[in-house]
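Bear in mind that the values here come from a model prediction, so they are computed numbers and not experimental data. By convention in this document, chain letters (A, B, ...) are assigned in the order of the sequence lines, proteins followed by strands, and residues within each chain are numbered from 1.
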Amino acid sequence: MPKQFTLNKKERLKKTKLIEHLFQSGKKITAFPLRMHYLFPEQADAPLQAAFSASKKNFKRSHERNLIKRKLREAYRLQKLPLQTEIAGKNQPLILFFVYNGKEKPPYELIAAKMQELLNKMLLIVQAHEADTPNT
RNA sequence: ACUACAAACCAGGUUAUCGCUCUCCUGAUAUUUCAGGAGGGAGGAAAGUCCGGACAGCAUAGAGUAAAUGCACCGGUUAACGACCGGGGUGGAUAGAAAUAUUCAUACAGCGAGUGCCACAGAAAAUAACUACCUCCAUCCGUGGGGGAAAAGGUGAAAACGUAGGGUAAGAGCCUACGAUGAUAUUUAGUAAUAAAUAUUGUGGGUAAACCUUGCAUGCUGAAAUGCCAUGUAUACCAGUGCAGGAGCUGCUCGUUCCGUAUUGCUUUGCAAUUCACUGGGUGGGUAGGCAGCUAGAGUUGUACAGUAAUGUGCAACCCAGAUAAAUGAUAACCACUUCCAAUUAAUUGGAGGAACAGAAUCCGGCUUAUCGGUUUGUAGUUUUU
């Protein structure tokens, strides 16, 4: 029986080119203090990949950025399952990029709630995406 | 017991659930993935990138000189250092009547080489002369001019050694005594810096974190180094060809090396001057990747010996992060620590909090800066008991 709440190297977005492409032509959803960029690329290593970031402008210390990224990863890891099962049934990969926009260190409960909001919206978008461009 | 200061050390723990990264083993898949198991997984500063190295690449025939940068009491330690240890000098603070003791700071060579600068005030901030002093001349008796001198006054952060006496027209280290202090020499103590004593000689400021002088040291670039692999296209180097130049000596000067060639001139196998194109795709550059570099080391721990110490030597045991949009986390409970409130049996219970600074990126030795709280040791003070 495979594990459910994993987040290993394959599920993290690493390719610089893909990230640049995502920021140039991707779309975004905001649920302050979180912002999510998303894109349906033509090719990817895994069906669902995600990356996390915190602005260096707001958090100058590296350990603060590390802490926020860890909390983001944790929230994503525990709540991504519905989206993952939805996207696994299709032939279309999806990449996500989460940015924390706030200026103060957030508690985990806030991040978890906002993450759930974003992922629910994304789930609707994925279902609609299938309707717009049906598989051939 | 408490308080203050200094130094050293530590940087919450356990369990459960869900995860991350690396290594090894087993099984499956069938060649890079999955599952299971075992083990490792941030710091005292990982930080700032301020010094010093290791390591790597490039450069490097020589001499002289200059420049630039850094350092600057003495001895020692070290791979090395601008670091560290010990000692000395200088300047504070505390205690003491004093000698002295404790403790803190110290870019601590030279202004007895040259040049410059020294706000305000003051006559003057460096070949000193405003008031006042002495003397000579003139005088309308108010004073004016020349000379001497640097004691008194006032200014200032700093005023041309201090006090007393002699001396003088008035004065002055001008002379003498005592004292202060610099330089030189000798002796004694010390490896030395230096200290003490004696002698000679000086006393004409300060400033070198002003230029500068003296002595010593120093190639340049940093893991985005560097090597290999794959991808891949325009042209810099390289190779070849021709009617040919090219390479190097950090700047300058002197001097000079190697390979190669045509033209012109002349004193003709020598000397002097002058002189770039084409072809190929071996080397290199850019772009986004992978592997190596990449963690066994000036290593860690313990111990014995040497040394005042920094540190060194011997022996034994151990292997202890290796990520790359960047792992080491999240949640809960309990136990320790601590703050506040309440209750009482006065050291316990209950409730609500707090837990810093901060995240490895090739690796070491330092320095600097940030830091909630705790432990130990030493010194000083106060209080209690005997």
Side-chain angles (χ1 to χ4, degrees):
Chain A
M1 177 178 172
K3 292 181 178 179
Q4 292 183 345
F5 303 108
T6 59
L7 185 62
N8 52 32
K9 271 186 175 177
K10 273 193 157 185
E11 298 176 57
R12 294 202 297 260
L13 184 58
K14 296 192 175 210
K15 302 265 183 181
T16 312
K17 270 189 176 176
L18 266 182
I19 294 171
E20 284 176 3
H21 187 51
L22 170 64
F23 275 106
Q24 280 172 6
S25 52
K27 298 178 181 177
K28 59 187 177 183
I29 311 173
T30 304
F32 187 83
L34 286 184
R35 190 177 69 214
M36 181 179 72
H37 297 255
Y38 68 95
L39 182 70
F40 297 96
E42 296 176 356
Q43 280 187 336
D45 297 336
L48 179 63
Q49 285 190 314
F52 308 89
S53 169
S55 159
K56 201 170 186 177
K57 199 199 269 179
N58 292 335
F59 298 97
K60 290 183 179 174
R61 300 292 184 180
S62 57
H63 76 276
E64 292 176 342
R65 294 197 297 278
N66 256 340
L67 187 68
I68 291 168
K69 283 191 275 186
R70 278 170 184 159
K71 285 179 177 175
L72 287 174
R73 268 202 299 273
E74 189 69 13
Y76 173 78
R77 180 175 72 82
L78 293 173
Q79 301 182 42
K80 66 169 179 150
L81 195 56
L83 187 63
Q84 196 173 24
T85 48
E86 182 71 28
I87 205 81
K90 306 183 189 310
N91 202 15
Q92 175 62 60
L94 172 66
I95 56 176
L96 302 172
F97 195 103
F98 295 91
V99 178
Y100 181 76
N101 258 344
K103 293 189 177 177
E104 293 177 357
K105 281 189 260 183
Y108 175 73
E109 291 77 15
L110 176 70
I111 287 186
K114 296 294 179 181
M115 179 64 75
Q116 191 170 21
E117 191 183 329
L118 281 179
L119 289 177
N120 287 339
K121 282 184 186 174
M122 197 63 226
L123 193 58
L124 296 176
I125 291 172
V126 169
Q127 288 164 354
H129 184 76
E130 184 190 26
D132 289 345
T133 57
N135 288 334
T136 54

**Request:** Considering only atom P, compute the distance from B/rC211 to B/rG116 and round it to an integer number of Å.
**Result:** 16 Å

**A/His37 and A/Phe97 aromatic ring geometry - parallel, tilted or perpendicular at 30°/60° bounds** = perpendicular

**Request:** With sequence neighbours left out, write down each residue that passes side-chain hydrogen bond (donor to acceptor under 3.5 Å, both in side chains) with A/Arg65, or none if nothing qualifies.
**Result:** none

**Asked** Phosphate oxygens OP1/OP2 of B/rA326: is one of them under 4.0 Å from a side-chain N or O of A/Lys69?
**Response** yes

**Asked** So what's B/rA273 paired with, Watson-Crick or G-U wobble, going by both distances under 3.5 Å?
**Response** B/rU263

**Base partner of B/rA97, which must satisfy Watson-Crick or wobble distances under 3.5 Å** = none

**Request:** For B/rG57 versus B/rG242, give the span between their C1' atoms, rounded off to a whole number of Å.
**Result:** 38 Å

**Message:** Could you identify the nucleotide paired to B/rA380, looking across every strand shown and requiring Watson-Crick or G-U wobble geometry with both distances under 3.5 Å?
**Reply:** B/rU3

**Prompt:** Looking at B/rA330, B/rA325, B/rC18, which one has an atom nearest to any side-chain atom of A/Leu67?
**Reply:** B/rA330

**Message:** Any strand counts, and the cut-off is 3.5 Å on both contacts for Watson-Crick or G-U wobble. Which nucleotide pairs with B/rG179?
**Reply:** B/rC161

**Prompt:** In whole Å, what separates the P atom of B/rA159 from that of B/rG154?
**Reply:** 14 Å

**Request:** Inspect the contact between A/Glu74 and A/Arg77 and indicate whether a charged nitrogen and a carboxylate oxygen are less than 4.0 angstrom apart.
**Result:** yes

**Item:** Syn-anti status, with the boundary at 90° from 0, for the nucleotide B/rA42
**Value:** syn

**Item:** Interatomic distance, A/Tyr76 OH vs B/rA325 P [rounded to whole Å]
**Value:** 17 Å

**Asked** Paired with B/rG302: which nucleotide, if any, by Watson-Crick or G-U wobble criteria at under 3.5 Å for both distances?
**Response** B/rC315

**Prompt:** Say you pick atom P in B/rA236 and the same atom in B/rG232; how far apart are they, in whole Å?
**Reply:** 23 Å

**Message:** Apply the syn/anti split at 90° from 0 to B/rG122 and say which one it is.
**Reply:** anti

**Asked** Does any nucleotide pair with B/rA149 by Watson-Crick or G-U wobble geometry, both distances under 3.5 Å, and what is it?
**Response** none

**Asked** NA contact type, A/Lys71, heavy-atom cut-off 4.0 Å: base, sugar-phosphate, or nothing?
**Response** nothing

**Message:** Taking the side chain as everything from C-beta on, heavy atoms only, tell me whether A/Ile125 gets closer than 4.5 Å to A/Ile29.
**Reply:** yes

**Prompt:** How far does the P atom of B/rU194 sit from the matching atom of B/rG89, given to the nearest Å?
**Reply:** 10 Å

**Request:** Name the orientation of the base relative to the sugar in B/rU295: syn if the glycosidic angle is within 90° of 0, else anti.
**Result:** syn

**Chi class for B/rG289: syn within 90° of 0, otherwise anti** = anti

**Request:** Rounded to whole angstrom, note down the P distance from B/rU328 over to B/rU21.
**Result:** 9 Å

**Request:** Over all heavy atoms of both residues, which pair between A/Phe52 and A/Lys69 is shortest? Give the atoms and the distance, please.
**Result:** O-CD, 3.5 Å

**Message:** Once hydrogens and angles are ignored, does a donor-acceptor distance under 3.5 Å link the base of B/rC18 to the side chain of A/Arg77?
**Reply:** yes

**Request:** Figure out the CD/P separation between A/Glu74 and B/rG329, and round it to whole Å.
**Result:** 11 Å

**Item:** Same-atom distance (P) from B/rA45 to B/rC58, integer angstrom
**Value:** 38 Å

**Item:** Proximal nucleotide (of B/rA42, B/rG329, B/rA325) relative to the A/Asn66 side chain
**Value:** B/rA42

**Request:** Would you mind reading off the distance between A/Ile68 atom CD1 and B/rG359 atom P, rounded to a whole angstrom?
**Result:** 13 Å

**Prompt:** Side-chain contact, heavy-atom cut-off 4.5 Å: A/Lys71 with A/Tyr100?
**Reply:** no

**Item:** Where the chi angle of B/rC320 falls, syn if within 90° of 0 and anti if not
**Value:** syn

**Fill in**
Side-chain atoms of A/His63 come closest, of B/rG359, B/rU328, B/rG329, to B/rG359

**Request:** Provide the distance between the two C1' atoms, one in B/rU106 and one in B/rG88, to the nearest whole Å.
**Result:** 13 Å

**Prompt:** Taking any strand in view, what nucleotide pairs with B/rG52 in a Watson-Crick or G-U wobble way, both distances under 3.5 Å?
**Reply:** B/rC364

**Message:** Checking base pairs now: Watson-Crick or wobble, both atom distances under 3.5 Å. What partners B/rG354?
**Reply:** B/rC337

**Prompt:** A/Phe97 side chain: which of B/rA330, B/rA325, B/rA42 is closest?
**Reply:** B/rA325

**Request:** Starting from P on B/rA361, measure out to CZ on A/Arg65 and report it in whole angstrom.
**Result:** 14 Å

**Prompt:** Please give, in whole Å, the distance from B/rA330 P to A/Met115 CE?
**Reply:** 16 Å

**Request:** Identify, between A/Ser53 and A/Glu64, the residue whose nearest nucleotide on RNA chain B lies closer to the 5' end.
**Result:** A/Ser53

**Prompt:** So does A/Arg70 reach the base of B/rG19 with its side chain, donor to acceptor, closer than 3.5 Å?
**Reply:** no

**Asked** Starting at NE2 of A/His37 and ending at P of B/rA325, how long is that distance when rounded to a whole Å?
**Response** 18 Å

**Request:** Examine distances only and state if a side-chain atom of A/Gln79 and a backbone atom of A/Ala112 form a donor-acceptor pair shorter than 3.5 Å.
**Result:** yes

**Prompt:** Are any of the side-chain heavy atoms of A/Gln116 and A/Asn120 separated by less than 4.5 Å?
**Reply:** yes

**Request:** Send over the distance from A/Arg73 CZ to B/rU331 P, rounded to a whole Å.
**Result:** 14 Å

